[in-house]
Protein chains: 2
Amino acid sequence: MNTDSELQNPEWRSSCPIASGLDILGDKWSLIIVRDLIEHSSRTYSEFASSPEGISTNILASRLKWLESLSIIERINPDKPSRNNAFQLTQRGKALRPVLEELGKWSQIHLKEIHPTIVKII
Amino acid sequence: MNTDSELQNPEWRSSCPIASGLDILGDKWSLIIVRDLIEHSSRTYSEFASSPEGISTNILASRLKWLESLSIIERINPDKPSRNNAFQLTQRGKALRPVLEELGKWSQIHLKEIHPTIVKII
DNA sequence: CCGGATCCTTGTCGATACTG
DNA sequence: CAGTATCGACAAGGATCCGG
């Protein structure tokens, strides 16, 4: 998904909106990052890393770059870098909330039999 | 995701519903299969394979098994096998429709600048 | 033909160690 | 603290083969 050359240049499998959304967000981590930013509104690198799902640092860095290049997230302080410079959702990112809400609702209803300890978070 | 030993036995990263939904559906192909079954209500192996996204046959077979083991899809004729035995959504699978609708809406609005040929399908 | 299984190559993931 | 480097494991993709 994210060899440097592909940053900001996704490969579209088709013109279907659903497939195109999955071209960008169809992996195990991107929407977890968005979820964290819906819950907390602002998050640093190490706060992402401490989420219970346990993303590893290289994957986290690559996903943050990816989502930033797509204007789904942004650095709160665009210049002066790194150290304690947290991320937040853009408008485009905030608009993903209904997607995550519907997914969360579906999971709570339909996964509780096979995943007994599932609980509401968002 | 789908070594034989893991069929029907997903690994849950956390108790968060969103993360759990992504544990099952967070890849590039599973929701494409669900989308096809929302559009067409019934589909054979080769019909899936002919969708514009171009899934390869080994990935398709593995995802169909995976989704079937999770009772998201099912064979229309449970016994008498294979040959032209199409798949359909279960209730659990049909309940994913709002998730796909929200994703499709988001993509149409927010991806059209970077993906000019995006069009509505579902 | 259709529904896969198999083989092989390439790419991506993920753990851990390390650096500015 | 915010990443990058490295390396092994595994998944994706393409091509081809096979049984009914």
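Proteins come first, then strands; the chains are lettered A, B, ... in the order of their sequence lines, and each starts at number 1. Because only heavy atoms are used, hydrogens play no part in the values below, and waters and symmetry mates are left out as well, while side chains stay in.
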Any A:Arg75 side-chain nitrogen or oxygen under 4.0 Å from OP1 or OP2 of D:dG3: yes

Considering just the side-chain nitrogens and oxygens of B:Lys65, establish if one lies under 4.0 Å of OP1 or OP2 belonging to C:dA5. yes

Can you tell me how far C1' of D:dG13 sits from CD of A:Glu11, to the nearest Å? 13 Å

Between A:Asn85 (CG) and C:dG20 (P), how many Å, whole number? 21 Å

Quick test of your reading of the model: are B:Glu68 and B:Lys65 salt-bridged, counting only N-O distances below 4.0 Å? no

Distance, rounded to the nearest Å, where A:Arg63 contributes CZ and D:dT4 contributes P: 14 Å

Any donor-acceptor pair under 3.5 Å from A:Asp27 side chain to A:Ser30 backbone: yes

Between C:dG4 atom P and B:Leu64 atom CG, what is the distance in whole Å? 7 Å

Can you measure B:Phe48 atom CZ to D:dG13 atom P for me and round it to whole angstrom units? 17 Å

What's the shortest heavy-atom distance between B:Ser41 and B:Gln88, and which atoms? O-CB, 3.7 Å

Please name the pair of heavy atoms, one in A:Ser42 and one in A:Ile76, separated by the smallest distance, quoted to 0.1 Å. OG-CD1, 3.7 Å

The helix from C:dC1-D:dG20 to C:dG20-D:dC1: angle between terminal helix axes, five bp per end, to the nearest 10 degrees, reads 20°

I'd like to know if the side chain of B:Asn85 and the backbone of B:Arg75 have a donor-acceptor N/O pair within less than 3.5 Å. no

Interatomic distance, A:Glu53 CD vs C:dA15 P [rounded to whole Å]: 13 Å

Any donor-acceptor pair under 3.5 Å from A:Thr90 side chain to A:Gly93 backbone: yes

A:Ser46 side-chain N/O to D:dA2 phosphate OP1/OP2 under 4.0 Å: yes

Treat primed atoms plus P, OP1 and OP2 as sugar-phosphate and everything else as base, then score nucleotides 15-20 of chain D 5' to 3': B for base contact with protein heavy atoms under 4.0 Å, S for sugar-phosphate contact only, - for none. B----B

Do B:Thr44 and B:Asn84 meet the criterion of a side-chain donor-acceptor pair at a distance under 3.5 Å? no

Does OP1 or OP2 of D:dG13 have a side-chain N or O of B:Trp29 closer than 4.0 Å? yes

Length of the line joining A:Arg13:CZ and D:dG13:P, which is rounded to integer Å: 8 Å

Between atom CG in A:Leu60 and atom P in C:dT16, what is the gap in whole Å? 16 Å

For the side chain of B:Ser15 and the backbone of A:Val119, is there at least one donor-acceptor N/O pair under 3.5 Å apart? no

Any donor-acceptor pair under 3.5 Å from A:Arg92 side chain to A:Leu70 backbone: yes

Tell me which nucleotide among D:dA11, D:dC1, D:dT4 gets nearest to the side chain of A:Asn84. D:dC1

